[in-house]
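As C-alpha cells, the structure follows; a few thoughts come after it.
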Amino acid sequence: MFFLAAQFKRLLFCTIMLFSWASEARERLKVGLALSGGGARGMAHVGVLKALEEKNIPIDYIAGTSMGSIVGGLYATGMSPEDLEWAIQSVDWDDALKPSAKRQLKDYQQRQEEKDYFADLEIGISKKGAKSGTGLVGDHKVMLELQRLVGSFSEQDFNQFPIPFRAVTTDLNEGEAYVIDHGDLAMAMRASMAVPLVFGPVKHQGRMLVDGGMLNNLPVDVVKAMGADVVIAVNISSPLAQVNEESSVLAVTYQSIDVALVQNTKRSLKLADIVIEPTLNGIDASMFDRATEMINDGYLTTYQLSDQLSPLSLTDNEFITHLESRNFLPREIPSRISFVEFTGNKRTSTSRLMARANDLIGQEFKAKVVQDFVDQVVAKEEDIQVITYHVDKNNEQNKGIIFKVQEKRWGPDYLKFGLKVADDFDSNTLISLLVRHHRYNINSKGGRWINDLSVGSVLSWQSELYQPLDFESKYFATANIDTIKDTRRFYEDLDATGEYDHKKFGFGINLGYNPNINSELRAGIWYQDESIVPVINDIDFDTAINRTIGLKVNYGYDTLEKVIAARNGYDIRAELGIFDRVQYLSFDGFKRFPFFEKSAAHLRLKFDFTDLVNNHEFFKAYGGIDDFAGYPTQSLLGLNAFLFELGWHTPLDSLDLPIIGVPNLNIKTHWGNVWQRNINIEEMIYGFSAGISFDVQDTVMFLGSGYSHDGEARFYLRLGTGF
C-alpha cells in the first residue's frame, strides 16, 4: 500500500506540473533545493548539482545544513558544478580538521614541546577559574579554507545572491533552529557545520550557534518559506548504526545523538516533492579522500530519477537564459595589498603582529598567500584561537586587509598534561605525570614563562623565562632553573647491587638566536651541581658536574615531518660545556630516510666526550631500549660513550585493530660502548632490538625486546609521552 501511495503521489505531482506548464507557458514553477548535512558524504551534493544542470533544471532557492551549507552556499554565489568540484577537492580536509597546526609551521621550541606533550588537550587558568576550549578541533584552519573558497565580496544579503540562500544552524541558548540569511557567508557556513564536541560553538549575530543538523538536518521547510513551489531534497546523512547489549557507552551516546538527527530528517523528507538519496555504500562522514566516488554517486543517483525530474526541465535556450541571469557574485579583490590592520587582539601586541605582516603590504592579493600567513601566525602565536579577515578601504580609498583576531577565551595561563610509563622488567619501573604551564605575551615582544613539572618516579621542576629581543623573535634571552631527582639502580656487570638517588640542580642566563624556523642556538653562563646519594647500598659516587660554573652552548635542529613515526627529516641536539671542573661535548642526531610508500629507515649517531675529570667520576648513564638494548636501563656508567645505530620502521596495515589502529614494526641494530676513560674500539658492544608501537590518540604505546652480545635478552614496555 505504501508503495502504491508513493507512486500515486509522484504521478499526481507530475500531472499537476504538466497541467500548470501547459496553462501558464510563460510562468514556470520556482524550484528549491534542500541539502542535508552528513560530513564528507556531502560531497555527493556536487554530483547532484552537476546532473541537475545537465538536465536543464533551474534552481531558484537553496538552503543547506552543515556540509550542505558549504556546497549550497558556494553554488548560490554563482559557482558552476565544475568549479565546485575543484573547490571542494582543493581543501586538505584531513589537515583542516586536525586540532593543531602543521609541524612545519611551528618553531624549534614548539616542536620540542610536542615530544613531551603530544595530546592537544589544554586547560586554561584565569581569575574566573579553570576552563577548557569548547571543541576538539581548532577553528582557524577550517575558517581559513572557507574564506578561501568564498572569497571577499561586499554583498551581505543572501537574497541578493545569484541564487537566494539560507544556512541552517542551531541556537544553543534558545534551543531552536536559527536560519542565517545575511552577513559573512564563510562565517555562516562555519556556524552551520559546528558539530558539538568536535568544534566549538560560533558566536555570530549575537547568538551561540552550532551544527544545524541537531534540529533541522534537511531544511525543506526553509526552502518552502523562501518561496519555492517545488522542493528537491538531497539527503546524504549517514544511516543509523546498530547497537546491542554489548555496545560501548561511547557507541550508545553517538547513537542517541544520531537518532534525533535521523528523526528530524525523516520529518523533512515527508515535506519534499522529490527526494534524491545517493547510496554512498561503505562511506562514512570522515572519508574526505573518496570525493570522486561520492560525486559520481550523487550524479548517477540523480539520473536514476530522470522521470520525476523531467517535468522541471527547461529547453536549452531557456536554461541558457536562466544561467546568464545568474551572474557570478563579484569579489572585492584588490590588485595590491595597500595596507594591513589588526583588530580584536588584547594580549597579543599589534606591533608584533605587524612585524609578521609587513611582507604582505605591496604584494598582489592571493587568497592562498593570505591563508598561509594566517596559518603561520596562529601556529606561532599560541594565545590566538582564530584569525579571520576581510577586504576593506582606508581613507585614501586604497584596498587592504583587516584581520580580526580572536584570542583564546580560556587563557591567559594554560596547562598541558603528559604521561610517562617505562618498564624493562628488571630495573625500577618509571611512572611520572607531566604538567606544563604556559603564560604567553607577558610583554609587547611576546615574552613567555614556561614551567615543566614531573611528579612520580621522577620529581622535577624546570622553569624558563623566554624573552624575545625583537618583534620577529630572531634573537632572545632566557633565564632558567632546573631541579631534577630520580631513583636509579646500580649494576655490576648485569647484577643489581644497590639503589641511589640521582639529584641535579642548575640555573643559568642565556642569549639565543633562531637561524630559521627549524633550529635554535643558545649560549649562557650556568651554575650546575649533581649528586648521587646511596639509598640501599653504601657505594659512593663522585660526579663530573659538581658545583661547577661555566659556559654552556646548545644547538638544536629539527625538520621531522611529525613526532611519531616520521618518515623523513633530521633531529639533532648538541651541547658544549666549558666549566671550571669539567669540559664536555655531547651529540645526539639522526636522519630518517623514506622507503617505499610508508616505510622508513634511520641512521643515528650519539656520543659523549669529557675532559678535566678524574677516572672515578660519573658523567653519563646508558643502557636500555633507547641505546644499548639488552642491558638494564641506565646501567652503563662512564665519562665517554659512542653509539651508532641503524633502524627501520614500517606500518603493519594488515593488523588494523579497533581503537588502537595500525601498529608500527620497529627494528634497530646498534654498535658502540661506554668507557670511563680509555676508548677501546675492540670493546664495542653490538646488538639489536625490535618491537611494536601504537599511536593511540597521540599517546605512544610500545612493547618490544632487545639483545646485546655480552648482555642478555630483555623486554621493554613504554606508555605515554616524553620518550
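As the structure is a prediction and not an experimental result, all values here were calculated from the model. By convention here, the first residue in the shown sequence is residue 1.
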Exercise. Step by step, would you call Thr315 with Asn317 a side-chain hydrogen bond (donor to acceptor under 3.5 Å, both in side chains)?
Worked result: CA-CA 6 Å; Thr315 65; Asn317 288 336; 5.6 Å; no
Problem set entry | Side-chain heavy atoms of Thr77 within contact of Ile163, under 4.5 Å | no
For this session: Answer yes when Glu561 and Arg103 have at least one side-chain N-carboxylate O distance shorter than 4.0 Å, and no when they do not.
Result: no
Exercise. Can you check side-chain hydrogen bond (donor to acceptor under 3.5 Å, both in side chains) on Lys55 and Ser310, steps first, answer last?
Worked result: CA-CA 8 Å; Lys55 297 177 73 61; Ser310 59; over 6 Å; no
Exercise. Would you say the side chain of Phe165 lies within less than 4.5 Å of the side chain of Leu185, judging by non-hydrogen atoms?
Worked result: yes
Exercise. Would you call Lys408 and Glu382 a salt bridge, using N to O less than 4.0 angstrom?
Worked result: no
For this session: Compare every heavy atom of Val220 with every heavy atom of Ala233, then report the nearest pair and how far apart it is.
Result: CB-CG2, 3.9 Å
Problem set entry | Atom pair CG (Asp83) and CD1 (Ile88), whose distance is rounded to the nearest 0.5 Å | 11.5 Å
Exercise. Are side-chain heavy atoms of Leu149 and Leu74 found at a separation under 4.5 Å?
Worked result: yes
For this session: Could you give me the CA-CA distance, side-chain angles and deciding distance for Asp297 and Glu293, then say whether side-chain contact (heavy atoms from CB on, under 4.5 Å) is met?
Result: CA-CA 6 Å; Asp297 199 338; Glu293 183 179 342; 5.8 Å; no
Exercise. If only atom types and distance count, is the side chain of Ser36 paired as donor or acceptor with the main-chain N or O of Leu218 below 3.5 Å?
Worked result: no
Exercise. Taking side chain as C-beta onward, heavy atoms only, is Val48 less than 4.5 Å from Ile236?
Worked result: no
Problem set entry | Least distance between heavy atoms, Tyr61 atom then Met226 atom | CE2-O, 3.4 Å
Exercise. Leu84 and Val71: side-chain contact (heavy atoms from CB on, under 4.5 Å), yes or no, with the steps?
Worked result: CA-CA 7 Å; Leu84 264 176; Val71 175; 4.1 Å; yes
Problem set entry | Polar contact flag, side-chain donor to acceptor under 3.5 angstrom, Asp316-Asn56 | yes
Problem set entry | ring-ring contact (aromatic ring centres under 6.0 Å, His included) against Phe319, all qualifying residues, sequence neighbours excluded | His322
Exercise. Which pair of heavy atoms, one from Val223 and one from Gly32, lies closest together, and at what distance?
Worked result: CG1-CA, 3.3 Å
For this session: Scan residues 144-161 for pairs that pass salt bridge (Lys or Arg N to Asp or Glu O under 4.0 Å), counting only residues two or more places apart or in two chains.
Result: Glu145-Arg148
For this session: Report the distance from atom CD1 of Ile57 to atom CG of Leu309, rounding to the nearest 0.5 Å.
Result: 4.0 Å
For this session: Output the distance between atom NE2 (His204) and atom CD1 (Ile180), rounded to the nearest 0.5 Å.
Result: 4.5 Å
Seminar exercise, completed: One should read off an interatomic distance between Thr169 OG1 and Met214 CE, to the nearest 0.5 angstrom, of 11.0 Å
Exercise. In Å, rounded to the nearest 0.5 Å, how long is the span from CD of Gln104 to CG of Asp375?
Worked result: 11.5 Å
Exercise. Under 4.5 Å between any side-chain heavy atoms of Thr301 and Glu277, yes or no?
Worked result: no
Problem set entry | Ser286 backbone acceptor or donor facing Trp93 side chain under 3.5 Å | no
Problem set entry | Heavy-atom pair with the smallest gap, counting every atom of Asn217 and Ser237 | ND2-CB, 3.5 Å
Exercise. Mind checking whether Tyr303 and Tyr299 have parallel, tilted or perpendicular rings, split at 30° and 60°?
Worked result: tilted
Problem set entry | ring-ring contact (aromatic ring centres under 6.0 Å, His included) partners for Tyr389, two or more places apart | none
Problem set entry | Listed once per pair and sorted, the salt bridge (Lys or Arg N to Asp or Glu O under 4.0 Å) pairs that draw on residues 39-48, sequence neighbours left out | none
Problem set entry | Salt bridge flag under 4.0 Å for residues Asp229 and Lys30 | no
Problem set entry | Sub-4.5 Å side-chain heavy-atom contact between Asp392 and His390 | yes
Exercise. Any sub-3.5 Å donor-acceptor pair from Asp273's side-chain atoms to Val231's backbone N or O?
Worked result: yes
For this session: Check whether any side-chain N or O of Ser192 sits under 3.5 Å from a backbone N or O of Val168 as a donor-acceptor pair, and report yes or no.
Result: yes
For this session: Run the salt-bridge test on Asp653 and Lys598 with the 4.0 Å N-O cut-off and return the result as yes or no.
Result: yes
Exercise. When Asn216 is tested against each of Thr265, Asp221, Asn264 for side chain to side chain donor-acceptor pair (under 3.5 Å), which residue passes?
Worked result: Asp221
Exercise. Is any side-chain heavy atom of Leu665 less than 4.5 Å from a side-chain heavy atom of His649?
Worked result: no
Exercise. In this structure, are over 12 heavy atoms from other groups packed under 6.0 Å from Glu176 atom CD?
Worked result: yes
Exercise. Between atom CG of Leu49 and atom CE of Met79, what is the distance when rounded to the nearest 0.5 Å?
Worked result: 12.5 Å
Exercise. How far apart are the C-alpha atoms of Glu114 and Lys106, what are their side-chain angles, what is the distance that settles it, and do they pass the salt bridge (charged side-chain N to carboxylate O under 4.0 Å, His left out) test?
Worked result: CA-CA 10 Å; Glu114 286 184 324; Lys106 298 181 178 182; 2.8 Å; yes
For this session: Examine distances only and state if a side-chain atom of Asn664 and a backbone atom of Ser693 form a donor-acceptor pair shorter than 3.5 Å.
Result: no
For this session: Given side-chain hydrogen bond (donor to acceptor under 3.5 Å, both in side chains), test Arg166 with Asn159 step by step and report yes or no.
Result: CA-CA 9 Å; Arg166 301 289 186 270; Asn159 286 318; 2.7 Å; yes
For this session: Evaluate the side-chain contact (heavy atoms from CB on, under 4.5 Å) criterion for residues Leu209 and Tyr178: first the C-alpha distance (whole Å), next the side-chain angles of each, then the deciding distance (0.1 Å), finally the verdict.
Result: CA-CA 8 Å; Leu209 305 175; Tyr178 178 67; 3.8 Å; yes
For this session: Measure across Met193 and Ile70 and return the closest heavy-atom pair with its distance rounded to 0.1 Å.
Result: SD-CD1, 3.6 Å
Exercise. Does the pair Arg567 and Phe596 meet the rule for a side-chain contact (heavy atoms from CB on, under 4.5 Å), with working shown?
Worked result: CA-CA 10 Å; Arg567 296 187 64 240; Phe596 308 117; 5.7 Å; no
Seminar exercise, completed: The residue among Leu215, Asp171, Val202, Leu172 that forms side-chain contact (heavy atoms from CB on, under 4.5 Å) with Val210 is Leu172
Exercise. Mind checking what makes side chain to side chain donor-acceptor pair (under 3.5 Å) contact with Thr388, not counting sequence neighbours?
Worked result: none
Exercise. By ring-ring contact (aromatic ring centres under 6.0 Å, His included), which residues pair with Phe403, not counting sequence neighbours?
Worked result: Phe342, Phe373
Exercise. Which heavy atom of Asn568 sits nearest a heavy atom of Pro594, and at what distance?
Worked result: CB-CD, 3.9 Å
For this session: Taking only Lys NZ, Arg NE, NH1 and NH2, and the carboxylate oxygens of Asp or Glu, determine whether Glu318 and Arg28 approach each other closer than 4.0 Å.
Result: no
Exercise. Going by heavy atoms in the side chains, are Tyr75 and Pro81 under 4.5 Å from each other?
Worked result: yes
